[in-house]
Undergrad: 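Once you've had a glance at the structure underneath, I'll fire off some questions.
All chains are named by letter (A, B, ...) in the order of the sequence lines, taking the proteins before the strands, and each is independently numbered beginning at 1. Hydrogens, waters and symmetry mates play no part in the numbers below; they use all other heavy atoms, side chains included.
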Number of protein chains: 2
Amino acid sequence: MLKLSRKTEYALMALRHLYGKTTEQLTSSKEIAATYRIPGELLAKTLQQLAREGIVETVQGPLGGYRLKVNLEKVSLTDFIELLEGPVALTDCSIDKNCDQLGTCTIRTPIHRINDTMKNVFNNVTLAEVMQ
Amino acid sequence: MLKLSRKTEYALMALRHLYGKTTEQLTSSKEIAATYRIPGELLAKTLQQLAREGIVETVQGPLGGYRLKVNLEKVSLTDFIELLEGPVALTDCSIDKNCDQLGTCTIRTPIHRINDTMKNVFNNVTLAEVMQ
DNA sequence: ACTTATACGACCTCTAAGGTCGGATTAAAC
DNA sequence: GTTTAATCCGACCTTAGAGGTCGTATAAGT
Ligand code: SF4
Ligand code: SF4
């Protein structure tokens with residue numbers, strides 16, 4: 001499985017939309033949602049989250065909307081996914097979480113190795129590259 | 001969050017257990033479950049599934065149990081995960097599944113590129129390597 | 001004032017992961 | 001041949017999270 005969440009996909013499409021625009025130019029959440037047939041309320045919430053995290057900037061009121069804040073070449077896909085979905089890890093033990101098998105597990109070490117490799121793939125992709 | 005399912009982890013631990021034994025030597029599902037504190041019924045079902053898929057061999061009756069059937073160097077991690085969890089893909093469109101955004105999606109192509117890279121990571125790892 | 005946007009939290013629904021249970025089948029051991 | 005210890009198989013339960021909706025507050029341009 002190893003699927004990306006819908007929220008992340010929507011967020012990427014929104015960023016892609018903002019990416020084309022000139023700095024300072026605003027786009028409303030509603031407009032983006034309509035363009036790509038994304039559930040409006042969900043996208044709005046997601047953009048709000050991205051605003052809190054400093055990825056986009058918001059202007060309230062009529063004629064308000066969102067615009068990019070950071071340079072997308074400086075943000076790795078890992079950073080972005082973790083912003084929205086929490087830690088990227090193949091197993092619970094790759095992060096804090098305790099697991100009933102912690103004491104008896106025989107595959108932890110090799111799994112961690114693979115986990116690192118996979119995470120490197122995402123680390124080496126910037127958001128700017130996803131916009132191509 | 002791109003996590004492996006519990007079932008897959010249990011299956012890997014079980015394979016790791018069988019990997020050490022000589023061919024022909026049998027181990028019962030119950031014994032493996034007890035050794036690693038894995039829910040017995042769940043492991044049993046998982047091993048049955050692996051038997052149907054031809055990864056392990058089973059002998060019924062008392063003194064029965066499981067033993068490896070295939071050479072673990074010939075099985076990629078992708079194959080294994082897909083056996084247990086279904087297709088490995090970052091998005092629905094990477095497999096058949098239709099998606100409401102299929103017509104309007106702007107990130108499909110780059111996502112597919114990343115999907116391929118990620119899948120290659122798992123393709124290039126054999127189960128034998130996970131047993132190390 | 002009115003309108004149009006973001007902001008935020010509560011809530012709902014559905015699916016799948018994870019686990020449990022009960023019983024059927026097979027075959028070694030007595 | 002009965003018992004016993006294992007695999008087999010499907011039905012079921014529970015919970016967490018994904019995905020989405022709603023109502024309302026707040027900000028700002030006209
Ligand atoms: S300790 Fe083993 S079973 Fe537990 S999360 Fe880590 S890899 Fe999985
Ligand atoms: S078409 Fe776009 S939104 Fe739909 S699954 Fe593929 S990548 Fe995701």
Side-chain angles (χ1 to χ4, degrees), chain A residues 1-11 13-14 18 25-34 36-67 69 81 84-92 97 99-101, chain B residues 1-11 13-14 18 25-34 36-53 55-67 69 81 84-87 89-92 97 99-101:
Chain A
M1 302 271 174
L2 301 166
K3 268 220 279 273
L4 239 45
S5 81
R6 232 55 231 246
K7 195 163 76 165
T8 305
E9 293 194 64
Y10 295 158
M13 292 171 72
L18 300 176
Q25 194 174 354
L26 291 168
T27 313
S28 78
S29 164
K30 208 170 270 187
E31 182 188 331
I32 300 177
Y36 302 107
R37 299 205 156 75
I38 298 174
E41 322 271 0
L42 184 50
L43 178 64
K45 273 186 15 176
T46 306
L47 284 170
Q48 285 158 31
Q49 192 177 348
L50 290 180
R52 275 193 299 273
E53 310 281 7
I55 304 288
V56 298
E57 221 166 7
T58 98
V59 174
Q60 290 199 346
L63 301 189
Y66 296 90
R67 70 165 79 98
K69 184 173 183 189
I81 297 175
L84 292 173
E85 314 191 25
V88 168
L90 286 179
T91 60
D92 282 344
K97 293 215 197 163
C99 149
D100 292 352
Q101 286 77 37
Chain B
M1 318 224 226
L2 303 167
K3 267 220 281 273
L4 240 44
S5 81
R6 232 56 233 251
K7 195 163 77 164
T8 305
E9 292 195 64
Y10 295 158
M13 293 171 72
L18 299 177
Q25 194 174 354
L26 291 168
T27 314
S28 79
S29 164
K30 208 170 270 188
E31 182 187 330
I32 299 178
Y36 302 107
R37 298 205 158 75
I38 298 174
E41 324 269 1
L42 183 52
L43 178 64
K45 274 187 13 179
T46 307
L47 284 170
Q48 286 158 31
Q49 193 177 347
L50 290 180
R52 277 193 298 273
E53 311 280 7
I55 304 287
V56 297
E57 222 166 7
T58 97
V59 173
Q60 289 199 348
L63 302 191
Y66 296 90
R67 70 165 80 97
K69 184 173 182 188
I81 296 175
L84 291 173
E85 314 191 25
L90 285 179
T91 60
D92 282 344
K97 293 216 198 162
C99 149
D100 292 352
Q101 285 77 38

Undergrad: Compare every heavy atom of B:Leu63 with every heavy atom of B:Leu26, then report the nearest pair and how far apart it is.
TA: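 Smallest heavy-atom distance, with atoms named: CD1-O, 3.6 Å.
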
Undergrad: Are any of the side-chain heavy atoms of A:Asp100 and B:Arg37 separated by less than 4.5 Å?
TA: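 Of all side-chain heavy-atom pairs linking B:Arg37 with A:Asp100, none is under 4.5 Å.
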
Undergrad: I want to confirm an ordering. Mapping A:Ser5 and B:Tyr66 to their closest nucleotides on DNA chain D, which one lands closer to the 5' end?
TA: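 This one resolves to B:Tyr66.
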
Undergrad: Counting only side-chain N and O atoms of B:Thr58, is one of them less than 4.0 Å from OP1 or OP2 of D:dC8?
TA: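 Checking B:Thr58 against D:dC8: at least one side-chain N or O falls below 4.0 Å of OP1 or OP2.
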
Undergrad: When the distance from CD of B:Gln48 to C1' of D:dA11 is rounded to whole Å, what number comes out?
TA: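 Spelled out: CD on B:Gln48 to C1' on D:dA11 is 14 Å.
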
Undergrad: B:Arg52 and B:Thr58: side chain to side chain contact (heavy atoms under 4.5 Å, CB included), yes or no, with the steps?
TA: CA-CA 10 Å; B:Arg52 277 193 298 273; B:Thr58 97; over 6 Å; no

Undergrad: Considering residues at least two apart in sequence or located in another chain, which fulfil the salt bridge (charged side-chain N to carboxylate O under 4.0 Å, His left out) criterion with A:Arg67?
TA: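 Only A:Glu24, A:Glu57 meet the salt bridge (charged side-chain N to carboxylate O under 4.0 Å, His left out) criterion with A:Arg67.
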
Undergrad: Specify the separation, in whole Å, of atom CG of A:Leu43 and atom P of C:dC8.
TA: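 Between P of C:dC8 and CG of A:Leu43: 16 Å.
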
Undergrad: Using atom CD1 of A:Ile38 as one end and atom C1' of D:dG20 as the other, report the distance to the nearest whole Å.
TA: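 Distance, rounded to whole Å: 13 Å.
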
Undergrad: What string of B, S and - do you get for nucleotides 20-30 of chain C 5' to 3' if you count protein non-hydrogen atoms under 4.0 Å?
TA: BB----BBBS-

Undergrad: Could you tell me the separation between the CZ atom of B:Arg6 and the P atom of C:dA17, rounded to a whole number of Å?
TA: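 To the nearest whole Å, that distance equals 14 Å.
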
Undergrad: Within a strict 4.5 Å, meaning less than it, do heavy atoms of the A:Thr46 and A:Tyr10 side chains meet?
TA: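 Contact flag for A:Thr46/A:Tyr10 side chains = no.
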
Undergrad: Figure out the CD/P separation between A:Gln101 and C:dG18, and round it to whole Å.
TA: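 So the two atoms are 11 Å apart, to the nearest Å.
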
Undergrad: Mind grabbing the angle between the end helix axes of the helix from C:dA1-D:dT30 to C:dC30-D:dG1? Five pairs an end, 10° rounding.
TA: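 So the angle between the two local helix axes works out to 0°.
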
Undergrad: Identify the heavy atoms of B:Gly40 and B:Ser29 that sit nearest to each other, and give their distance.
TA: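 Result for this residue pair: O-OG, 4.2 Å.
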
Undergrad: Using modelled atom types and a 3.5 Å cut-off, is there a donor and acceptor pairing between side-chain atoms of B:Glu85 and backbone atoms of B:Thr8?
TA: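 No, the answer is negative, given that no donor and acceptor are paired below the 3.5 Å cut-off.
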
Undergrad: Measure from CZ on A:Arg67 to P on C:dT6 and round the result to the nearest Å.
TA: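 Value for this atom pair: 13 Å.
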
Undergrad: Please tell me which of B:Asp100 and B:Ser29 maps to the more 5' nucleotide of DNA chain D, matching each residue to the nucleotide holding its nearest heavy atom.
TA: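 Taking each residue's closest nucleotide, the earlier one in sequence belongs to B:Ser29.
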
Undergrad: For B:Thr91, is there any backbone N or O sitting under 3.5 Å from a side-chain donor or acceptor partner on A:Glu9?
TA: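 Such a contact is absent between A:Glu9 side chain and B:Thr91 backbone.
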
Undergrad: At less than 4.0 Å, is any side-chain N or O atom of B:Tyr10 found next to OP1 or OP2 of C:dG19? Yes or no.
TA: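 For C:dG19, OP1 or OP2 has a side-chain N or O of B:Tyr10 closer than 4.0 Å.
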
Undergrad: Once you round it to whole Å, what is the distance between P of C:dA16 and CE of B:Met1?
TA: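 These atoms are roughly 18 Å apart.
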
Undergrad: Strictly below 4.0 Å: does B:Arg52 bring a side-chain N or O up to OP1 or OP2 of D:dC9?
TA: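 Yes, B:Arg52 has a side-chain N/O under 4.0 Å of OP1/OP2 on D:dC9.
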
Undergrad: Roughly, in whole Å, what's the span from CD in A:Glu53 to P in C:dA7?
TA: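 One finds 13 Å between P of C:dA7 and CD of A:Glu53, rounded.
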
Undergrad: Measuring only between side-chain heavy atoms, which start at C-beta, is B:Arg6 closer than 4.5 Å to A:Asp92?
TA: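 The answer is yes, as the side chains (C-beta and beyond) meet within the 4.5 Å cut-off.
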
